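Below: the structure, in structure tokens.
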Amino acid sequence: MKARYLTTAVLAATVLIGTAGCNMIAPQATLKQYDASDGIGTNVGSLDIRNALIIADGKKNGVLAVTVINQGDKPQDLLIEYPGGSVTVEVKASGSTAFGVGKESGILLEGLTTPSGADAAVFFQYADETGSEVRVPVLDPVLEEYSNLTPEPIPSSSATVEIDDAVDGATEQKTGH
């Protein structure tokens with residue numbers, strides 16, 4: 001009878017250790033930090049840069065949409081260097097400053113040399129803090145949520161287009177809707 005209890009206890013302990021042992025050696029996915037959106041994030045001193053992405057118009061211009069959270073009690077001038085130029089923006093103290101979010105306009109990046117579909121090497125830095133370079137995705141304004149971020153308006157779908165009718169050689173104009 002004692003052997004039966006001992007065998008049951010050993011079997012239960014083996015099952016318990018066997019099923020719990022995976023957590024001892026496997027990394028927990030919930031502890032890995034990642035950017036859960038289209039943009040990318042980084043930290044520079046007391047500034048947290050979140051969801052940075054660029055919408056390009058294909059004409060050497062782009063708009064940077066980003067939220068910057070200032071943990072400090074003084075406003076900061078954030079330098080943003082990108083392929084083709086640089087720009088400086090003011091970030092308010094003790095809170096978040098949104099660019100290109102909601103009704104806020106984005107940061108115009110004139111002379112952007114990175115095409116849509118690629119990642120631009122963007123460097124963020126302020127004051128004497130060590131800067132941070134991240135690979136920011138450059139997107140096309142085809143998604144509706146990004147259509148208001150382009151440097152120039154996107155042509156509307158009601159543009160007039162000439163179509164050559166190959167059957168009778170006539171040319172007609174059609175308006176898309």
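Note that the structure is a prediction, hence the values are computed from the model and not measured.
Residues satisfying the side-chain hydrogen bond (donor to acceptor under 3.5 Å, both in side chains) test with Asp119, not counting sequence neighbours, are none. Evaluation of the side chain to side chain contact (heavy atoms under 4.5 Å, CB included) rule for Ala52 yields Ile40, Ile49, Leu64, Val66, Phe124, Val136 as partners, not counting sequence neighbours. With sequence neighbours excluded, no residue forms a side-chain hydrogen bond (donor to acceptor under 3.5 Å, both in side chains) with Glu104. Asp140 meets the side chain to side chain contact (heavy atoms under 4.5 Å, CB included) test with Ser116, Val142; sequence neighbours excluded.
When side chains are defined from C-beta on, Asp48 does not count as touching Val68, because their heavy atoms never get closer than 4.5 Å. Counting heavy atoms from C-beta on, the side chains of Leu47 and Gln71 never come closer than 4.5 Å. Within the 4.5 Å cutoff, side-chain heavy atoms of Val101 are placed close to those of Thr67.
By the rule that hydrophobic residues join a cluster once side-chain heavy atoms approach within less than 4.5 Å of another member, Val138 and Val122 end up as members of one cluster.
Of all heavy-atom pairs between Ala120 and Thr114, the closest is CB-OG1, 3.6 Å. Heavy-atom minimum distance, Asn51 versus Gly39: OD1-N, 2.9 Å.
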Which donor-acceptor pairs under 3.5 Å do side chains of residues 72-95 form with protein atoms, sequence neighbours excluded?
from: Tyr82; atom 1: OH; to: Glu110; atom 2: N; distance (Å): 3.1
from: Tyr82; atom 1: OH; to: Glu110; atom 2: O; distance (Å): 2.7
from: Lys92; atom 1: NZ; to: Ser96; atom 2: O; distance (Å): 3.4
from: Ser94; atom 1: OG; to: Gly72; atom 2: O; distance (Å): 3.0

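Pairs engaging residues 122-132 under the side-chain hydrogen bond (donor to acceptor under 3.5 Å, both in side chains) rule: Thr42-Ser132, Ser46-Tyr126 [sequence neighbours left out].
Atom CD1 of Ile54 and atom CG of Leu112 lie 5.5 Å apart (nearest 0.5 Å).
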